[in-house]
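I have placed the structure first, in the form of structure tokens, so that the comments after it can refer back to it.
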Amino acid sequence: MKKIFRAPMLNPIDAHTWEFYQDGALCVDQGIIVGVGNFSTVIEQAGSDPEVENLDGVIVPGFVDVHLHWVQHRVRGRFSGELLTWLQEHIWPEEARYVDTDLAQAAAVQCYADLLRAGTVMGMSYSSTHAAATQIALASMRGDWVVGNVLMAVHAPHTLTDYSLHNPDALRAFMGQTDKAHYALTPRFAPNLTAESLAALGQIAAESRCLIQTHLAESVAELQWVKELFPDAAHYTEVYDRAGLLTPRTILGHCIEMRDEEWCCLRERGSWVAHCPTSNEALGNRRMPLEQVRAYDIPFALASDIGGGPSHSMLHVMQRFLGTHREADVAVAPQEALYRSTKAGAECMGRGAVGGDLTVGKRADFVLLPQKPAASSVEAWFEECLSGKPADLEQRPLGTWLSGERAA
């Protein structure tokens, strides 16, 4: 039976445009959107007596987070400091605990519950090196997630490298047991792998056509380490490019310390950037040069990067996306914040045909935000929704729906 959700509705179109319906309606049939627009039009087109549920708030698409570490969710915001020291002293010891499958199971359930409560319905996540923890994250999934076990062969504790599946035969065997639609090849970052290992992963990526996620140019110290480990590479981006890991299916976290020739390379390869403003701030890294990303027409989407990011709330990420760049006198608008946290994220993940916005034929994954704006003040209302502390923003959504069913 068709069901119509009636409420004001805000739908992203592109980085500059959104569509607002003061008396909006979303018609859902078997989890799929079959009508969207003004209530009078949608109910007329719906046919025989659909159920109507009036919602007290504003419907927006479910949020998409294209770069987070679910195995860092328990310690999000707890530690800070220079990236490499933070990893070695705090994060890698935490990830090593995920050899314990009971801990992993409980942590996965809590992470997905928290994400849904905050309005996130889709995303890409790094797991630990452990195959079992990765399988738990995939099996416990709520929403539409892509997960990858991080691959770490060198320059890390044995409590992680001993469990890594960077050996090509071991990795192929694991991938053969995994739904590739929800799996990403995940070299943690260049310093944790040799040139030979990276090249082998590039070959596997070409064979499988799977998504690829890794980190690139997050900090100055990281750049210096890569230069020492790969002295014959012209720059950090070339390390991945020579290995065949830069493709239109590649999502690169951060991309802060970049040269012009690196941006050119990403543009030629069609790779995406996961922009993590809250993590960049929390770890004391510089601002991602949004003006360069725009100048080179690099596709990007927003991400929380928990646990470098202190909160899993995409409302908080949007808040700091606007704040960080405005503080640098770079023009950013709320329309772009919403687009980069919904539709762009789905497109980044290759899910643009099935999710990311409120369009006929896509899954009915949506969030209800509080209050009701006048049609003349949608921008002001949306920015008000982004105000407050992270803990407030994590609780701000009034509800989250997956395929037309309330999930949080």
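Numbers here simply count residues along the sequence, with the first being 1.
At most 12 heavy atoms of other shown residues, nucleotides or ligands fall within 6.0 angstrom of atom CD in Glu405. More than 12 heavy atoms of other residues, nucleotides or ligands lie within 6.0 Å of CD in Glu327, so this atom counts as buried by the packing criterion. For Asp232, the CG atom sits in a packed shell: over 12 heavy atoms of surrounding residues, nucleotides or ligands are nearer than 6.0 Å.
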Open item on the list: Pair Glu383, Arg326 - check salt bridge (Lys or Arg N to Asp or Glu O under 4.0 Å), show working.
Closed with: CA-CA 13 Å; Glu383 295 216 35; Arg326 285 172 175 172; 2.9 Å; yes
TODO: Any chance you could lay out the side-chain hydrogen bond (donor to acceptor under 3.5 Å, both in side chains) test for Thr17 and Asp14, step after step, and finish with the verdict?
DONE: CA-CA 5 Å; Thr17 315; Asp14 55 35; 3.0 Å; yes
- [ ] Report the C-alpha distance between Glu19 and Leu10 in whole Å, list the side-chain angles of each, state the deciding distance to 0.1 Å, and finish with yes or no for side chain to side chain contact (heavy atoms under 4.5 Å, CB included).
- [x] CA-CA 6 Å; Glu19 197 164 27; Leu10 185 63; over 6 Å; no
Open item on the list: Between Leu185 and Leu211, does the side chain to side chain contact (heavy atoms under 4.5 Å, CB included) criterion hold? Intermediate values first, please.
Closed with: CA-CA 6 Å; Leu185 194 71; Leu211 290 166; over 6 Å; no
- [ ] Applying side-chain hydrogen bond (donor to acceptor under 3.5 Å, both in side chains), run through Ser164 and Thr161 and close with a yes or a no.
- [x] CA-CA 5 Å; Ser164 174; Thr161 58; over 6 Å; no
Task: CA sep, side-chain torsions, deciding dist, call: Lys180, Arg209, side chain to side chain contact (heavy atoms under 4.5 Å, CB included) - done: CA-CA 9 Å; Lys180 291 187 181 64; Arg209 307 287 295 174; over 6 Å; no
Task: Residue pair Ile59, Val367: steps toward the side chain to side chain contact (heavy atoms under 4.5 Å, CB included) verdict - done: CA-CA 6 Å; Ile59 294 171; Val367 175; over 6 Å; no
Open item on the list: salt bridge (Lys or Arg N to Asp or Glu O under 4.0 Å), that's the test. Do Arg188 and Glu95 meet it? Break it down for me.
Closed with: CA-CA 13 Å; Arg188 184 177 209 116; Glu95 292 189 8; 2.7 Å; yes
TODO: Please step through side-chain hydrogen bond (donor to acceptor under 3.5 Å, both in side chains) for the pair Thr120 and Asp65, ending with a clear verdict.
DONE: CA-CA 7 Å; Thr120 302; Asp65 186 344; 5.3 Å; no
- [ ] Take Tyr183 and Asn149 through the side-chain hydrogen bond (donor to acceptor under 3.5 Å, both in side chains) test and state the conclusion after the steps.
- [x] CA-CA 9 Å; Tyr183 182 80; Asn149 49 309; 2.6 Å; yes
TODO: Report the C-alpha distance between Arg259 and Glu238 in whole Å, list the side-chain angles of each, state the deciding distance to 0.1 Å, and finish with yes or no for salt bridge (Lys or Arg N to Asp or Glu O under 4.0 Å).
DONE: CA-CA 11 Å; Arg259 303 180 191 175; Glu238 186 176 283; over 6 Å; no
- [ ] Report the C-alpha distance between Trp70 and Tyr112 in whole Å, list the side-chain angles of each, state the deciding distance to 0.1 Å, and finish with yes or no for ring pair (Phe, Tyr, Trp, His ring centres under 6.0 Å).
- [x] CA-CA 9 Å; Trp70 78 270; Tyr112 285 124; 7.4 Å; no
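Considering only heavy atoms from C-beta on, Leu160 comes within 4.5 Å of Trp92 through its side chain. Looking only at side-chain heavy atoms (C-beta outward), Tyr98 and Ile136 stay at 4.5 Å or farther from each other. When side chains are defined from C-beta on, Phe39 counts as touching Ile4, because their heavy atoms get closer than 4.5 Å. With a 4.5 Å cut-off on side-chain heavy atoms, Leu201 and Leu193 count as touching. Residues Met122 and Val66 have side chains not in contact (no heavy-atom distance under 4.5 Å, counting atoms from C-beta outward). When side chains are defined from C-beta on, Ile91 counts as touching Gln72, because their heavy atoms get closer than 4.5 Å. Between Phe189 and Leu87 there is a side-chain heavy-atom pair separated by less than 4.5 Å. Residues Ser279 and His254 have side chains in contact (heavy-atom distance under 4.5 Å, counting atoms from C-beta outward).
With Ser208 contributing its side chain and Ile204 its backbone, the two residues share a donor-acceptor pair below 3.5 Å. Remark: the backbone N or O of Gly345 is not paired with any side-chain donor or acceptor of Trp272 at under 3.5 angstrom. With hydrogens and angles ignored, the 3.5 Å screen pairs no side-chain donor or acceptor of Thr359 with any backbone N or O of Asp357. Of the possible polar contacts, one joining the Arg340 side chain to the Phe300 backbone as a donor-acceptor pair under 3.5 Å is found.
Two rings, from His67 and His215, have their centers less than 6.0 Å apart. Taking the six-membered ring where the residue is Trp, the centroids of His130 and Tyr163 are separated by under 6.0 Å.
With 3.5 Å as the limit, one finds a donor-acceptor pair spanning the side chains of His325 and Arg287. Checked by atom type, the side-chain pair His73/Asp114 shows a donor-acceptor distance below 3.5 Å. Asp260 and Gln292 are linked by a side-chain donor-acceptor pair at a separation below 3.5 angstrom, with hydrogens and angles left out of the test. Looking only at atom types and distance, the side chain of Ser127 has a donor-acceptor partner in the side chain of Thr134 under 3.5 Å away.
Atom CD of residue Glu394 and atom OG of residue Ser311 lie 3.5 Å apart, to the nearest 0.5 angstrom. Residue Cys348 holds its SG atom at 4.0 Å from CD1 of Ile251, rounded to the nearest 0.5 Å.
A salt bridge does not link Arg76 to Asp305: none of the charged side-chain nitrogens sits closer than 4.0 Å to a carboxylate oxygen. Ionic pairing of Arg320 and Glu281 is present here: one or more N-O contacts between side-chain nitrogen and carboxylate oxygen are shorter than 4.0 angstrom. A salt bridge between Lys227 and Glu257 is absent, with no side-chain N of the basic residue lying under 4.0 Å from a carboxylate O of the acidic one. For Arg363 and Asp144, the salt-bridge test passes: some basic side-chain N is under 4.0 Å from an acidic carboxylate O. Between Glu94 and Arg74, at least one side-chain N (NZ, or NE/NH1/NH2) sits under 4.0 Å from a carboxylate O, which counts as a salt bridge.
Taking the six-membered ring where tryptophan is involved, the planes of Phe366 and Trp401 are essentially parallel, since the angle between them stays under 30° and well short of 60°.
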